[in-house]
Amino acid sequence: MIQTIADLFYEALRHDLPDALAYKHQGTFVTVSHEEVQERVERAALALRERGLQPGDRVGLFSENRPAWAMMDYACAVTGLVSVPIYHTLTPDQASWILQHSACRWLCVSGPALMGKLKDTLEALPDLEVVLQFEDAHEVFAEPHRTLGRVGVIRRAVA
C-alpha cells in the first residue's frame with residue numbers, strides 16, 4: 001500500500017525505464033534511467049544523513065525546475081526530511097519570510113542569481129547551518145564517485 005512520497009518514488013522505479021528523466025545540459029539532451037535516478041537519490045540521501053540531518057529536519061529548496069531539485073526532494077522524502085520548496089520567482093521578502101518561519105537547517109539554491117535574492121537574509125537565520133549551491137549539481141548527481149559534499153558549500157555553521 002502506497003502511503004508516502006517515498007513509497008510513490010519507489011513504486012515509480014519499478015517501471016525500470018531507460019529514459020525515465022530527460023533534460024538539457026549544455027545544449028545536449030541527457031537521459032537518465034530509473035536505476036540511475038534511484039542511485040543518485042539514495043547517494044544524496046545518505047550524504048544528508050551522514051552530515052547529521054535527522055528525520056523531521058527541514059531542507060529548503062530554492063531553485064528553478066531542474067533534475068537536482070527533484071532528486072534532492074526525493075532524497076529528503078526517503079530520509080524522512082521535510083523539504084521546504086521556495087518558488088524561484090518569489091520576491092526576496094517572500095523567500096526570506098518562508099526561510100525565517102520554516103526553521104530550515106539546510107538550504108539548496110540553484111545558483112548565484114537566487115543567492116542574490118537572499119543575501120540580506122542568511123545571517124538572520126539562526127537555524128540555517130549549510131547553504132548548498134546547485135550550480136554544478138549535474139556533475140554531483142551524475143558521477144558515482146562524487147558526493148553531496150562536492151556541491152559548493154556557501155555557508156557552514158560554526159560549532
Side-chain angles (χ1 to χ4, degrees), residues 5-6 8-9 20-32 36-144 146-159:
I5 297 293
L8 288 171
F9 172 71
L21 176 65
Y23 61 96
K24 204 172 201 177
H25 178 68
Q26 297 179 348
T28 305
F29 277 98
V30 177
T31 59
V32 183
E36 291 173 282
V37 169
Q38 180 177 355
E39 179 184 322
R40 295 174 191 187
V41 166
E42 289 177 347
R43 190 170 54 249
L46 287 172
L48 290 166
R49 183 62 62 91
E50 287 173 357
R51 285 159 179 79
L53 292 170
Q54 298 295 317
D57 286 341
R58 291 166 185 84
V59 176
L61 302 175
F62 190 36
S63 174
E64 301 86 359
N65 185 15
R66 59 177 51 201
W69 188 102
M71 290 183 203
M72 186 59 76
D73 189 45
Y74 284 125
C76 288
V78 301
T79 312
L81 301 171
V82 177
S83 61
V84 178
I86 305 167
Y87 200 65
H88 71 281
T89 60
L90 292 178
T91 67
D93 287 342
Q94 292 167 326
S96 296
W97 191 93
I98 292 170
L99 285 170
Q100 290 167 353
H101 292 84
S102 63
C104 289
R105 285 188 59 195
W106 281 40
L107 174 64
C108 302
V109 180
S110 63
L114 290 182
M115 281 297 298
K117 283 188 173 186
L118 301 175
K119 66 181 177 198
D120 297 330
T121 302
L122 294 179
E123 294 305 317
L125 300 171
D127 298 313
L128 189 63
E129 299 169 13
V130 174
V131 177
L132 299 176
Q133 190 168 309
F134 279 150
E135 190 70 14
D136 297 317
H138 170 80
E139 290 78 17
V140 171
F141 284 101
E143 297 179 26
R146 299 182 80 177
T147 67
L148 192 60
R150 300 280 300 266
V151 178
V153 176
I154 308 299
R155 172 183 174 200
R156 193 176 295 275
V158 178

Distance-only check: which donor-acceptor pairs under 3.5 Å involve side-chain atoms of residues 54-62, not counting sequence neighbours?
residue : atom : partner : partner atom : Å
D57     : OD2  : Q54     : N            : 2.7
D57     : OD2  : R105    : NH1          : 2.5
R58     : NE   : S102    : O            : 3.2

Side chains of residues 91-98: which donor-acceptor partners sit under 3.5 Å, not counting sequence neighbours?
residue : atom : partner : partner atom : Å
T91     : OG1  : Q94     : N            : 3.1
T91     : OG1  : Q94     : OE1          : 3.2
Q94     : OE1  : T91     : N            : 2.8
S96     : OG   : P92     : O            : 2.8
S96     : OG   : T121    : OG1          : 2.3

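- At a threshold of 4.5 Å between non-hydrogen side-chain atoms, the residues L107 and L99 count as touching.
- Among residues two or more places apart in sequence or in another chain, the salt bridge (Lys or Arg N to Asp or Glu O under 4.0 Å) test is passed with E50 by none.
- Summarising the geometry of M115 relative to L122, their closest heavy-atom pair is CE-CD1, 3.7 Å, with the distance given to 0.1 Å.
- Closest heavy-atom contact between T79 and R49: O-NH2, 2.9 Å.
- Put simply, NZ on K117 and CG on L90 are 6.5 Å apart, with the number rounded to the nearest 0.5 Å.
- Annotation: side chain of V130 is not in contact with side chain of R51 (no heavy-atom distance under 4.5 Å).
- Put simply, CD1 on I5 and OG on S83 are 8.5 Å apart, with the number rounded to the nearest 0.5 Å.
- Counting heavy atoms from C-beta on, the side chains of L114 and E64 come closer than 4.5 Å.
- Side-chain contact between L118 and V131 is absent, with no heavy-atom pair separated by less than 4.5 Å.
- Residues that satisfy the side-chain contact (heavy atoms from CB on, under 4.5 Å) test with L46, not counting sequence neighbours, are absent from this structure.
- Every residue two or more places apart in sequence or in another chain that forms a side-chain contact (heavy atoms from CB on, under 4.5 Å) with A20 is listed here: L17, H34.
- At a threshold of 4.5 Å between non-hydrogen side-chain atoms, the residues M72 and L48 count as touching.
- With contacts defined as side-chain heavy-atom distances shorter than 4.5 Å, the pair S110/R66 qualifies.
- Contact of the W106 side chain with the L81 side chain is not registered, since no non-hydrogen atoms from C-beta on lie closer than 4.5 Å.
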